[in-house]
Amino acid sequence: VGSEMCIRDRLWETIEDDFSGHEILNLGFGGATIDYCSFYFDRLIKPNRIKSFVFYAGDNDIGQGKSATQVFDSFLILYNKFRQSFPSTKFTFVSIKPSIERAKFINRIQKANKLIEEFLDKEPNTFYLNIHDKMLNGDSLAKRELFTEDELHMSEKGYELWTKIFHENSEEIFGIK
């Protein structure tokens with residue numbers, strides 16, 4: 001059984017090993033926003049035979065000043081493009097992660113996540129993967145050990161956490177146990 005993934009973050013160097021039972025197509029690119037992913041959809045995503053689509057973007061949108069509603073509107077454009085091309089393919093959205101660098105935007109991040117989650121709850125064959133909450137400490141701040149020195153990009157421990165969360169939800173994401 002092969003699955004294909006679109007993960008924005010090119011820094012997840014062990015992704016193929018972490019999901020060795022799946023065929024991974026990592027279409028991630030640095031600095032990606034949801035709008036960029038929509039713009040490049042026909043070139044990067046549409047030509048592929050996709051069994052399961054895992055999408056992560058949104059934190060750069062927030063970092064560039066977009067409101068939660070603007071992030072959600074951008075998400076809807078991408079989602080509708082995806083559904084037009086892949087009407088029955090599983091679509092997983094990985095929640096927008098918190099970070100130390102973007103702590104001042106936490107309310108926007110949480111609101112954008114909530115809007116997307118509530119939308120996907122009503123859509124068939126979708127899954128909202130909540131990594132956000134598991135990246136917070138007891139004070140509702142991003143856990144420092146999950147990030148590199150720049151306090152924005154994830155450290156090895158951050159990717160280990162994501163891998164664990166993905167594996168815990170593999171049946172929902174990939175349709176297998």
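Only this structure's heavy atoms are used, side chains among them; waters, hydrogens and symmetry mates stay out. FYI, the numbering just counts along the sequence from 1.
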Evaluation steps, side chain to side chain contact (heavy atoms under 4.5 Å, CB included), between Lys66 and Ser74: CA-CA 10 Å; Lys66 281 194 168 191; Ser74 293; 2.7 Å; yes
Side chains of Ile96 and His132 in contact at under 4.5 Å (non-hydrogen atoms): no
Between CZ on residue Phe119 and OH on residue Tyr128, distance to nearest 0.5 Å: 14.0 Å
Glu123: side-chain hydrogen bond (donor to acceptor under 3.5 Å, both in side chains) partners, not counting sequence neighbours: Tyr79
Show me the donor-acceptor pairs, under 3.5 Å and distance only, between side chains in residues 85-93 and residues at least two apart or in other chains.
| from | atom 1 | to | atom 2 | distance (Å) |
| --- | --- | --- | --- | --- |
| Thr89 | OG1 | Ile50 | O | 3.4 |
| Lys90 | NZ | Glu172 | O | 3.0 |
| Lys90 | NZ | Glu172 | OE2 | 3.0 |

Pairing residues for Thr148 by the side-chain hydrogen bond (donor to acceptor under 3.5 Å, both in side chains) criterion, not counting sequence neighbours: Asp150
Donor-acceptor contact below 3.5 Å, side chain Asn107 vs main chain Gln110: no
Minimum side-chain heavy-atom gap Pro98-Ile109 below 4.5 Å: no
Residues that Glu118 engages under side-chain contact (heavy atoms from CB on, under 4.5 Å), provided they are two or more places apart: Lys114
Under the side-chain hydrogen bond (donor to acceptor under 3.5 Å, both in side chains) test, residues paired with Lys134 that sit two or more places apart: Glu168
Side-chain touch Lys97/Arg102, heavy atoms, less than 4.5 angstrom: no
Closest contact, heavy atoms only, Ala32 versus Asn60: O-ND2, 2.9 Å
Distance (rounded to the nearest 0.5 Å) between Leu78 CG and Asp35 CG: 9.5 Å
Heavy-atom closest contact (Ala142 atom, Phe147 atom, distance): CB-CE1, 3.7 Å
Closest approach of Leu115 to Ala68 (non-hydrogen atoms, all atoms of both residues): CD1-O, 3.9 Å
Separation of Phe39 CZ from Thr33 OG1 (nearest 0.5 Å): 11.0 Å
Side-chain donor/acceptor of Ser38 to backbone N/O of Ile77, under 3.5 Å: no
Residue list, side-chain hydrogen bond (donor to acceptor under 3.5 Å, both in side chains) with Lys111, at least two apart or on another chain: none
Approximate separation, where rounding is to 0.5 Å, of Glu117 CD and Thr126 OG1: 10.5 Å
Hphob cluster co-occupancy, Leu136 + Val94, side-chain heavy atoms under 4.5 angstrom: no
In one Ile/Leu/Val/Met/Phe/Trp/Tyr side-chain cluster, 4.5 Å: Ile165, Met135: yes
Interatomic distance, Ile100 atom CD1 to Ile106 atom CD1 [nearest 0.5 angstrom]: 11.0 Å
Salt-bridge contact Glu151-Arg144 (side-chain N to carboxylate O under 4.0 Å): yes
Cluster link Phe75 to Tyr40, ILVMFWY, side chain under 4.5 Å: yes
Plane angle bin for Phe53 and Phe55 - parallel if under 30°, tilted between 30 and 60°, otherwise perpendicular: parallel
Atom pair CZ (Phe105) and OG (Ser99), whose distance is rounded to the nearest 0.5 Å: 9.0 Å
Shared hydrophobic cluster, Tyr56 / Leu152 (ILVMFWY, side-chain heavy atoms < 4.5 Å): no
Test log, rule side chain to side chain contact (heavy atoms under 4.5 Å, CB included), inputs Phe127 and Leu129: CA-CA 6 Å; Phe127 182 58; Leu129 183 62; 3.6 Å; yes
Asp59 and Ile62: CA distance, side-chain angles, deciding distance, side chain to side chain contact (heavy atoms under 4.5 Å, CB included) verdict: CA-CA 5 Å; Asp59 58 349; Ile62 296 283; 5.5 Å; no
Side chain to side chain contact (heavy atoms under 4.5 Å, CB included) assessment of Asp61 paired with Gln70: CA-CA 9 Å; Asp61 305 68; Gln70 289 171 319; over 6 Å; no
Lys157 to Glu145 - nearest heavy-atom pair and separation: CB-O, 3.6 Å
N/O donor-acceptor pair under 3.5 Å between Asn48 side chain and Ile45 backbone: yes
